[in-house]
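Residue numbers run from 1 in the order of the sequence given.
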Amino acid sequence: MEARPIAASPAFDLSRRIAAETLGTALLLAIVIGSGIMGERLAGGNTAIALLGNTLATGAGLVVLIAAFGPVSGAHFNPAVTLVFAMRREIGWRAAGAYMAAQLAGAVAGVLAAHAMFAEPMVQISGKLRDGPAQGFSEAVATFGLVTAILATVRVRPQMVPAVVGLYITSAYWFTASTSFANPAVTLARSLSDTFAGIAPQSVPLFLLAQSAGALAAAALCGWLFRERSRP
């Protein structure tokens, strides 16, 4: 049995799949940035409470967005996920490139939407440094876990993908030192928000490198782990 991208339907042409990836990623970033701003404003200086609010909103939002847009585009919302599916030849490279561009554009749009909703300056550069080997290793682990969870679930229980991804990210916000960005488009877009969920531009290259390494390691592992033995 072959794994498939998350419930994407051939009934939808590439333009509508790209629209779904753009809109879904925009809404994801609006959730991440907006809930971070709201959490920080309401937490009265308690960072744990702010992070909890950010976590719950992001995890719940992912479940909804993947369930809603999965039947159209597969609901990747993540260049690392798209890259892995392209390497597995489950999405063409032309479509994969269009997906990644749409994800990045949507992510930036989502950040701007969150700023507008909370009357924040629209154009910002984050000053929140997230540097050091522990942060990089955390992102590698976070992305490895996310891609592994997706590939495993698509393989054996595809109907569970929305819940699995949402629950994994909810947990990874707390068990990783980096709070689990696990997504290159999200990382780049969050550098444009000097708010609770931001990341300084100088910290971005480390995160992107670690996310790429984690995704490739997960693809290699799952390619071996779920390959059925050929019958004589």
Side-chain angles (χ1 to χ4, degrees), residues 2-29 31-32 58 61-111 139-155 158 161-162 164-166 168-169 172 180-191 204-205 207-223 226:
E2 294 294 331
R4 300 295 179 195
I6 307 168
S9 171
F12 297 96
D13 59 26
L14 182 59
S15 63
R16 286 186 285 178
R17 289 157 58 196
I18 294 306
E21 285 294 302
T22 305
L23 179 57
T25 312
L27 290 170
L28 173 60
L29 266 294
I31 291 167
V32 171
T58 301
L62 273 168
V63 174
V64 173
L65 293 174
I66 295 171
F69 293 106
V72 181
S73 68
H76 296 186
F77 310 147
N78 187 335
V81 172
T82 300
L83 174 63
V84 167
F85 277 123
M87 292 173 58
R88 293 164 62 91
R89 299 181 181 178
E90 296 176 22
I91 180 174
W93 284 104
R94 173 176 169 269
Y99 266 43
M100 293 179 192
Q103 290 155 1
L104 181 57
V108 172
V111 169
E139 275 303 290
V141 170
T143 312
F144 174 85
L146 174 62
V147 174
T148 298
I150 290 171
L151 294 179
T153 309
V154 166
R155 176 67 170 75
V161 170
V164 165
V165 172
Y168 175 80
I169 291 298
S180 183
F181 286 47
N183 183 327
V186 165
T187 303
L188 288 165
R190 285 170 67 167
S191 71
V204 167
F207 273 48
L208 297 183
L209 181 62
Q211 290 159 0
S212 299
L216 293 175
L221 173 68
C222 291
F226 294 104

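The minimum heavy-atom distance between Ala95 and Arg17, with the atom names listed, is CB-NH2, 4.1 Å. In terms of heavy atoms, Val63 sits closest to Gly166 at CG2-CA, 3.9 Å. Summarising the geometry of Ala219 relative to Val84, their closest heavy-atom pair is CB-CG1, 3.9 Å, with the distance given to 0.1 Å. Closest heavy-atom contact between Ala149 and Val164: CB-CG1, 4.0 Å. Nearest approach of Glu139 to Ala210, heavy atoms of both residues: CB-CB, 3.8 Å. Minimum heavy-atom separation, Pro184 to Asn78: CD-OD1, 3.3 Å.
Identified under the side chain to side chain donor-acceptor pair (under 3.5 Å) test for residues 141-151, with sequence neighbours left out: none.
Residues Asn183 and Pro79 form a side-chain contact, since some pair of their non-hydrogen atoms from C-beta on lies under 4.5 Å apart. With a 4.5 Å cut-off on side-chain heavy atoms, Leu65 and Phe77 count as touching. At a threshold of 4.5 Å between non-hydrogen side-chain atoms, the residues Phe207 and Val186 do not count as touching.
Gln103 places no side-chain N or O within 3.5 Å of a backbone atom of Glu21 that could act as its donor or acceptor partner.
In terms of the side chain to side chain donor-acceptor pair (under 3.5 Å) criterion, residue partners of Thr58 (sequence neighbours excluded) are, by chain and number, Tyr173.
To the nearest 0.5 Å, atoms CD1 (Ile91) and OH (Tyr99) are separated by 4.5 Å. The CG atom of Leu146 sits 4.5 Å away from the CD1 atom of Ile169 when rounded to the nearest 0.5 Å. To the nearest 0.5 Å, atom CZ of residue Arg16 and atom CG of residue Leu23 are 14.5 Å apart. In this structure, SG on Cys222 lies 10.5 Å from CZ on Arg155, to the nearest 0.5 angstrom. In this structure, the separation between CD on Gln211 and CG on Leu216 is 12.0 Å, given to the nearest 0.5 Å. For the atom pair Ile66 CD1 and His76 NE2, the distance stands at 10.0 Å (nearest 0.5 Å).
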Check the pair Phe12, Ile18 against side-chain contact (heavy atoms from CB on, under 4.5 Å), reporting the backbone distance first and the verdict last.
CA-CA 10 Å; Phe12 297 96; Ile18 294 306; over 6 Å; no
Go through Leu83 and Trp93 one step at a time and tell me if the side-chain contact (heavy atoms from CB on, under 4.5 Å) criterion holds.
CA-CA 9 Å; Leu83 174 63; Trp93 284 104; 3.8 Å; yes
Would you sort out whether Leu188 and Leu208 count as a side-chain contact (heavy atoms from CB on, under 4.5 Å), showing the intermediate values?
CA-CA 9 Å; Leu188 288 165; Leu208 297 183; 4.2 Å; yes
